[in-house]
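Single-structure report; data block below.
From a predicted model like this one, the values you see are computed outputs, not experimental measurements. Sequence lines set the chain letters: A, B, ... in the order given, protein chains first and strands last, and positions in each chain run from 1.
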Amino acid sequence: MSTRITVLYFASLRDVAGIDHETFDTNAPDLRVLYIELRARHGFPLPVEKLRVAVDGEFARWDDAPRDRSEIAFIPPVSGG
Amino acid sequence: MSTRITVLYFASLRDVAGIDHETFDTNAPDLRVLYIELRARHGFPLPVEKLRVAVDGEFARWDDAPRDRSEIAFIPPVSGG
Amino acid sequence: MNRFALSDTPFDVATLRAGLLDARVGGYASFEGWVRDHNAGRAVTGLRYEAYVALAQAEGERVLGQACERFDILDARCVHRTGELAIGELAVWVGVSAAHRDAAFAACRWIIDEVKQRVPIWKHETYAQGGADWLHPE
Amino acid sequence: MNRFALSDTPFDVATLRAGLLDARVGGYASFEGWVRDHNAGRAVTGLRYEAYVALAQAEGERVLGQACERFDILDARCVHRTGELAIGELAVWVGVSAAHRDAAFAACRWIIDEVKQRVPIWKHETYAQGGADWLHPE
């Protein structure tokens, strides 16, 4: 059974994807595989090693499974300050 | 020949001396001896090793001779900030 | 109580500073980041900060809470701008109050370093020579 | 130009800060010393700062000039109060502008340390339990 998720894109990821979020069903077993699939689909230059991942507004682990109805964000290297 | 000087007193030195300056003639060969004499006269608790000395608004050396018509200040440990 | 805030409009440092002062404070250290007219050798004409607001708020709050535990300080605050900023505009402010200056300085430095490393805010620079870039430091 | 000043009346930090900002500034660090309600375990009700004005002005100016040579900063200023101060009043302010925060923090810390060690200003505290003392640290 697939899992319905919303993915948020920020900064260069949003520019490359051309959208700031998308909602879809995924069969990815974990967040790492999810990003690898999305990287292939959108052509993101950043490899998974450069990113952090967050679920529902909190940092998460790459080997967490996507939860149904969750909001997932891939966090490129930050540059505030 | 003696040298006419003005000595300024600040902080605890002024409180102990009971005056903020005094003008007098001295035969002290250098500023160290001058302070030792004044310490004896006024009963200053601070020994010369705890002080710095200034002449005419600039730091000076203890073995400088008093200059005629100069303004001499003994600087107790500072506590600004 | 919130110690960390995002602001999409210019904010007043004097008011924020006043919120940190009380009779126990002996030392107050602050840091401000301003938009420079150059970066890494390129002339910059303006920039934009974007945040993942929910996570930035939570992570910023964690940074400030950790600073209050790690350092012997009385309080600490940080505000970070989002949106379009011109040259000379204030981008980030950190204020720390303490009984003594050692802790105030150390905590202030630690907070700005942690905010820059951990809080999901991104800078988009526009260059005088043309072009624009997201900054994603190594 | 004077970078160091004594002030026998309360002074406005916002105005002083504004004097340090320009388009090259990326980081601004400041430190403020405030009159605490206690010192070394004794309750303090107020204090007075006295300066040897001519020498304090000259030595303060030297501290700021040396900071501008030693650190990669754009400018630095310091103002120190004299006279009677109540609890919570501002006693000293240091502001430093730089392209980057490392130098701004380091110079700000160095300046307040040097001012406290070298500039002929003395603090006279009045205690809640009675009595008053000049502070002449070892």
At a heavy-atom distance under 4.5 Å, which candidate from Ala99(D), Gly88(D), Ala91(D) has the highest pair count against chain C?
Ala99(D)
Below 4.5 Å from any heavy atom of chain C, which atoms of Asp22(D) appear? Answer side chain, backbone, both or neither.
neither
Less than 4.5 Å to any heavy atom of chain C: does that hold for the side chain of Val13(D), its backbone, both, or neither?
side chain
Do the charged groups of Glu125(C) and Arg42(C) touch, with an N to O distance under 4.0 Å?
no
Is the number of heavy atoms from other residues, nucleotides or ligands under 6.0 Å of Asp72(C) CG greater than 12?
no
Are the side chains of Tyr127(D) and Thr45(D) in contact, using a 4.5 Å heavy-atom criterion?
no
Taking side chain as everything from C-beta outward and backbone as N, CA, C, O, which of these in Asp102(D) sits under 4.5 Å from a heavy atom of chain C? Side chain, backbone, both or neither.
both
Counting C-beta onward and ignoring hydrogens, is there a side-chain heavy-atom pair between Arg3(C) and Asp75(C) closer than 4.5 Å?
yes
Indicate yes or no: at least one non-hydrogen side-chain atom of Phe31(D) is less than 4.5 angstrom from one of Phe105(C).
yes
Interface residue of largest heavy-atom contact number with chain D, from Ala29(C), Ala104(C), Ala14(C), Ser30(C), under 4.5 Å:
Ser30(C)
Who among Leu90(C), Val35(C), Val25(C) has the most heavy-atom pairs with chain D under 4.5 Å?
Val25(C)
